[in-house]
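All chains are named by letter (A, B, ...) in the order of the sequence lines, taking the proteins before the strands, and each is independently numbered beginning at 1.
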2 protein chains.
Amino acid sequence: MIENVRQVVTTQALYRMPYYIQQLRVLQEQRIETVSAPKIAELLNLNEVQVRKDFAAVYSAKGKPKTGFNVAELLDSMEELLGYNNSDEAVIVGAGSLAHAIMTHEGFQDYGLKIVAAFDTDADRIGTDINGIKILAADKISNLCRRMKIHIGIITVPAYRAQVVCDQLVAGGVLAIWNFAPVHLSVPDHILVQNENLAASLAMLSNHLKQALGAEA
Amino acid sequence: MIENVRQVVTTQALYRMPYYIQQLRVLQEQRIETVSAPKIAELLNLNEVQVRKDFAAVYSAKGKPKTGFNVAELLDSMEELLGYNNSDEAVIVGAGSLAHAIMTHEGFQDYGLKIVAAFDTDADRIGTDINGIKILAADKISNLCRRMKIHIGIITVPAYRAQVVCDQLVAGGVLAIWNFAPVHLSVPDHILVQNENLAASLAMLSNHLKQALGAEA
DNA sequence: TAGATTGTTAATCGATTAACAATC
DNA sequence: TAGATTGTTAATCGATTAACAATC
């Protein structure tokens, strides 16, 4: 029995992939056909060995000594890996201004994310639509996810509501959750929660400023 | 000469702080006065030693064996550390729907972030305002930042515009940048770039789905 | 007291970086 | 060929976790 031995891509490497993709696209627009790891490392301010390892993890693409890597092939491999070609369907819960921004952001289609329904508890919002996506009553979450075989749920509700919503999504068979609420969500082991904690990012900014400005005092 | 030897808080620990704060607030609402590290660890699905170390990094607060930590004191220390009490002023560049969501999100005020001006290149937007914040012409970035001593810049422009905007912010004396554009930004060493790369988050979701669903095949 | 919990030192783990032989 | 660049093995670094004595 042949195991699928494709090298596992680490979490950190996965985070870097979109930066490689973006940079490779720029190079492609400039009609540059090959690029070396040291060059990419310089452009993205990374270590060249790290770049080479990340590239190696993207299966098919192989580099040539002295020449480097084929830009187009590398780009294809990465886009394939990140699923930019096949679209995943998602629902979004909490139809506030953040949800609005996410739903109207055309870019996500390119990244293989397709939002097919939105949910809210606000009676005034239910029945309306944003960018062509219908807003439904929140009590229909589980049913709709199960019926439509939705695997991604996006949470943009207030913190105190997030766990309840999360449980409903999981009950509906969702396998991955993109959580914008600033709370820890408890989920079964096989479910991935990707936290987009803006409060945590602000903590970084604030801490840096304190250091930078405090140093003068 | 006495050095400031306050234990440095690691990047990872800083990321966890908002979760501690959120959890501590919930406990406080329940009139719970003390809490142990193992309890918090259980609630947030973390290791108890890690929780204790994180708490230790927050200076003043000390735990008592058998009792644990004082919720109110711990909360105060953390909010102080993250600058929730003193407000940092920021400008936002790119007045699209994401900027709109950020500007109308009242929560950021509580986190100590105050957006005082927005910039755009679109003549139709310039002169209007969002949530009471005036939208100004993008060529005024450096001047305004310098004049108002703004230290935080938020970038929500398209990828191809981000580096130019970043340079203008840095020229205006900004020390920390919150970057929502999916590109690497080159900045001098003393400037912090906090990337909020939604494409990278999507990469995580997509990869997890591939694993979870692919395993069946 | 006994035992839960703290704080700290030591061991482990994972990711990054350095060193180096292979190759075009 | 010489030298830039690749791919890989070994060393380093930082963060997490385990082990354990101190304490209320």
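Taking 3.5 Å as the limit, the base of C:dT6 and the side chain of B:Lys53 contain no donor-acceptor pair of atoms between them.
Computed from coordinates, the A:Asn70 CG to D:dT6 C1' distance equals 15 Å when rounded to whole Å. Taking atom CG on A:Leu74 and atom P on D:dT5, their separation rounds to 16 Å, with Å as the unit. Between the CZ atom of B:Phe55 and the P atom of C:dT8 there is a distance of 15 Å, given to the nearest Å. With rounding to whole Å, B:Asp54 atom CG is found 11 Å from D:dT17 atom P. The nearest whole Å value for the distance from the CG atom in A:Asn47 to the C1' atom in C:dA19 is 12 Å. Computed from coordinates, the A:Glu48 CD to D:dT8 P distance equals 15 Å when rounded to whole Å. Taking atom NZ of B:Lys39 as the reference point, atom C1' of C:dT6 lies 18 Å away to the nearest angstrom. Protein atom CD of B:Gln12 is 11 Å distant from nucleotide atom P of C:dT16, rounded to whole Å.
Among the nucleotides C:dT6, C:dC24, D:dT6, the one closest to any side-chain atom of A:Lys64 is C:dC24. Nearest nucleotide to the A:Lys62 side chain, out of D:dG7, D:dC24, C:dG7: D:dG7. Here the side chain of B:Val49 is nearest to one of D:dG7, C:dG7, D:dT17, namely D:dT17.
Looking only at distances, a side-chain donor or acceptor of B:Ser206 sits under 3.5 Å from a matching main-chain atom of A:Leu82.
Nucleic acid contact class of B:Lys66 (heavy atoms, under 4.0 Å, all strands): base. Among the protein residues, A:Ala13 comes within range of no part of the nucleic acid, since none of its heavy atoms lies under 4.0 Å from any strand.
Contact check, B:Arg52 against D:dT16: no side-chain N or O comes under 4.0 Å of OP1 or OP2.
Taking 4.0 Å as the cut-off between side-chain N and carboxylate O, A:Glu80 and B:Lys210 do not count as a salt-bridged pair.
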| request: Take A:Ser97 and B:Thr104 through the side-chain hydrogen bond (donor to acceptor under 3.5 Å, both in side chains) test and state the conclusion after the steps. | output: CA-CA 8 Å; A:Ser97 60; B:Thr104 56; 3.2 Å; yes
| So A:Gln163 and A:Asp167, side-chain hydrogen bond (donor to acceptor under 3.5 Å, both in side chains) or not? Walk me through it. | CA-CA 6 Å; A:Gln163 184 64 58; A:Asp167 293 345; 2.9 Å; yes
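Mapping A:Gln50 and B:Pro38 onto DNA chain C by nearest heavy atom places B:Pro38 closer to the 5' end of the strand.
Annotation: A:Trp178 is in aromatic contact with A:Phe108 [ring centroid separation under 6.0 Å].
Base pairing of D:dC13 is made with C:dG14, judged by Watson-Crick or G-U wobble geometry with both donor-acceptor distances under 3.5 Å. Pair assignment for C:dT23 gives D:dA4, based on Watson-Crick or G-U wobble hydrogen-bonding distances that are each under 3.5 Å.
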